[in-house]
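What follows is a set of notes on a single structure, which appears directly below.
Counting begins at 1 with the first residue of the sequence. In each ligand, atom 1 is the first atom listed, and ligand 1 is the first ligand listed.
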Amino acid sequence: MGSLYPLISAQQQASQQLQRLIESRIRQQGRVTFAQFMEWALYEPELGYYERGSPIGPDYLTSPHLAADFAQLLAEQIRQFWQILGCPSGFSVIEMGAGSGQLAWDWLTYVQASDLQFWQVLDYRILERSATLRQLQRERLAVFMDKVSWLDWEGIPDNSVTGCFFSNELVDAFPVHRVQVQDRALREIYVQMGERGLQEVLGELSTPALQQYFVRLGIPIESYPEGYQTEVNLKALDWLQLLSRKLRRGYVLTLDYGHRADRYYSPHRSQGTLLAYRQHSSHADPYVQVGSQDLTAHVDFTTLEQVGESLGLGRLGFTRQSSFLAGLGLIERLAALSQATADIGQVLQRRHALQALLDPMGLGGFGVLLQGKGLTDKERTHPLRGFREPELTS
Ligand SMILES: C[S@@+](CC[C@H](N)C(=O)[O-])C[C@H]1O[C@@H](n2cnc3c(N)ncnc32)[C@H](O)[C@@H]1O
């Protein structure tokens, strides 16, 4: 109990420091886009949310933190990718945004114990933006040091990767622009200094890419009801461009919460999807506890697909996490639990975790998008264990 208060006050201090820093920058340079504000709130060195350590646990739980089965089934799918490519003697698995390193730990532990041939040809690389989380991952994965390396995009030569890029809840952590319909035109939400601190103000679009985003989707956003707000994830487009440049032959697997564009940008979803998370609850105010709360927005999977296609990343499948994991054997794992002889408390806990991974209203409802590049027709059309269900349309 004694140590709780210093911890809380250290967090509050860091939050106040970040708030002051952001305010002074805005005073000096004038209003900034919401995307810039979100960038500072999440990634400001030492003070931003993801730079302060692993939030996963205290604030929210991601799939890898519920049960090792998530990483293990992901490994099964990625191993099938390797087999489809003809079991090449060099295969890179590149995890982007590895958080606490939990997924990597479970993934590597499982493959090492279950498939020596795959283990020997594989190199596991991590692309992690946060210096603090990189350090945490290094400590956690110390026993796998000869298998894992950390790198940045510059460290990957163009057209060099044979293997699989994958991410879980990465794209939702990219800073987003926010836009609003006003007088039948699209305007952008900026953050400026008001009398009582940070406040939002509407202005011209900071880049034509925001308008083009909706033109590409064929969404007549200017005709939406006055006051309609939503987000645009331009960083996801830059990210796809990098991926497509680096990948020579293989797959991009993206798991995240989100929708197809017609649902995401439905005129009825008039307040967008931006949420702040702290201590397992969510709310819509990004300007409180700056740096002590996560900020995320849903992912528009249609744009990932369309832009991916234009960059040579062909779409191979889109499903929900529940059917992805079911196709890879999660239902059988659940069923086997009824025969389990282990401690009843542990069995119930595990059952609860596996059910949560499948829950269509929660993690099971996440989207799973698979894209590929440099594949032959036979490789492209090969049945995939995680993508057996009919295609999702919304
Ligand atoms: C919501 S957490 C998810 C962590 C982990 N994948 C999980 O499922 O538990 C987002 C992660 O992506 C990282 N991240 C955000 N932007 C990134 C970028 N551009 N490149 C690499 N990592 C990034 C964050 O630092 C954090 O580790």
Side-chain angles (χ1 to χ4, degrees), residues 35 38-75 93-108 124-141 149-156 165-176 233-243 246 252-258 273-278 280 282 291 293-299 304 321 324-325 353 356-357 362-363 366-368:
M38 187 165 165
E39 172 86 29
W40 287 333
L42 296 184
Y43 302 108
E44 179 66 27
E46 290 172 32
L47 297 173
Y49 184 74
Y50 284 106
E51 292 290 348
R52 287 203 212 158
S54 178
I56 301 155
D59 288 344
Y60 56 89
L61 278 177
T62 56
S63 296
H65 292 83
L66 281 180
D69 303 70
F70 180 77
Q72 293 170 358
L73 295 175
L74 209 56
V93 175
I94 305 185
E95 180 179 3
M96 299 165 290
S100 67
Q102 178 74 48
L103 196 162
W105 166 269
D106 288 327
W107 199 101
L108 289 160
Y124 196 101
R125 309 188 197 175
I126 293 180
L127 270 160
E128 169 55 59
R129 176 173 184 175
S130 155
T132 311
L133 291 179
R134 275 200 305 273
Q135 184 52 32
L136 190 75
Q137 293 156 13
R138 280 205 171 88
E139 286 161 19
R140 184 157 210 171
L141 299 170
S149 55
W150 282 259
L151 71 174
D152 52 24
W153 290 106
E154 287 74 44
I156 310 176
F165 282 93
F166 82 92
S167 63
N168 185 58
E169 295 206 41
L170 167 78
V171 184
D172 70 64
F174 291 163
V176 289
N233 191 337
L234 294 181
K235 282 267 191 279
L237 311 188
D238 301 339
W239 168 75
L240 278 174
Q241 206 154 50
L242 281 166
L243 279 175
K246 306 298 174 183
V252 180
L253 183 63
T254 306
L255 293 93
D256 221 316
Y257 50 86
T273 68
L274 184 91
L275 279 179
Y277 281 89
R278 187 168 152 73
H280 296 274
S282 65
Q293 59 176 6
D294 195 12
L295 301 175
T296 87
H298 284 37
V299 173
L304 295 192
Q321 178 165 306
F324 177 71
L325 295 178
L357 290 175
L363 295 167
F366 274 35
V368 185

Can an N or O of [X] be found at a distance shorter than 3.5 Å from an N or O of ligand 1?
{"X": "Glu128", "answer": "yes"}
{"X": "Glu95", "answer": "no"}
{"X": "Asp294", "answer": "no"}
{"X": "Arg129", "answer": "yes"}
{"X": "Phe174", "answer": "no"}

- Drop me the distance from Glu128's CD to Leu136's CG, to the nearest 0.5 angstrom.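 Interatomic distance, Glu128 CD to Leu136 CG, rounded to 0.5 Å: 9.5 Å.
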Go through ligand 1 atom by atom and flag the ones less than 4.0 Å from a non-hydrogen atom of [X].
{"X": "Leu133", "answer": "25 (O), 26 (C), 27 (O)"}
{"X": "Tyr43", "answer": "15 (C), 16 (N)"}
{"X": "Ser130", "answer": "25 (O)"}
{"X": "Leu170", "answer": "12 (O), 14 (N), 15 (C), 16 (N), 17 (C), 22 (N), 23 (C)"}
{"X": "His65", "answer": "9 (O)"}

- Can you label the angle between the Tyr124 ring and the Phe166 ring as parallel, tilted or perpendicular, going by 30° and 60°? perpendicular
- Mind checking whether Tyr43 and Tyr50 have parallel, tilted or perpendicular rings, split at 30° and 60°?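 Judged by the thresholds at 30° and 60°, the geometry between Tyr43 and Tyr50 is parallel.
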- Query: Where's the contact between Asn168 and ligand 1, heavy-atom distance under 4.0 Å: side chain, backbone, both or neither?
  - Reply: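 Within the 4.0 Å criterion, Asn168 contacts ligand 1 through backbone and side-chain atoms alike.
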- Message: Please work out, at 4.0 Å between heavy atoms, whether the side chain, the backbone, both, or neither of Trp239 comes within that distance of ligand 1.
- Response: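 It is neither; nothing of Trp239 touches ligand 1.
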- Message: For Gln135, is the CD atom crowded, meaning more than 12 foreign heavy atoms sit under 6.0 Å from it?
- Response: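 Atom CD in Gln135 is packed in, count exceeds 12.
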- With sequence neighbours excluded, tell me which residues meet ring pair (Phe, Tyr, Trp, His ring centres under 6.0 Å) with Tyr257.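 Tyr257 satisfies ring pair (Phe, Tyr, Trp, His ring centres under 6.0 Å) with His298, Phe366 only.
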- Task: Could you tell me whether Glu39 and Arg129 have a side-chain N and a carboxylate O separated by less than 4.0 Å?
- Result: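 Answer for the salt bridge query: yes.
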- Message: With heavy-atom distances below 4.5 Å as the criterion, would you say the side chains of Leu103 and His65 are in contact?
- Response: no
- Close side-chain approach of Trp107 and Val93, heavy atoms under 4.5 Å: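 Yes, at least one pair of side-chain atoms sits under 4.5 Å.
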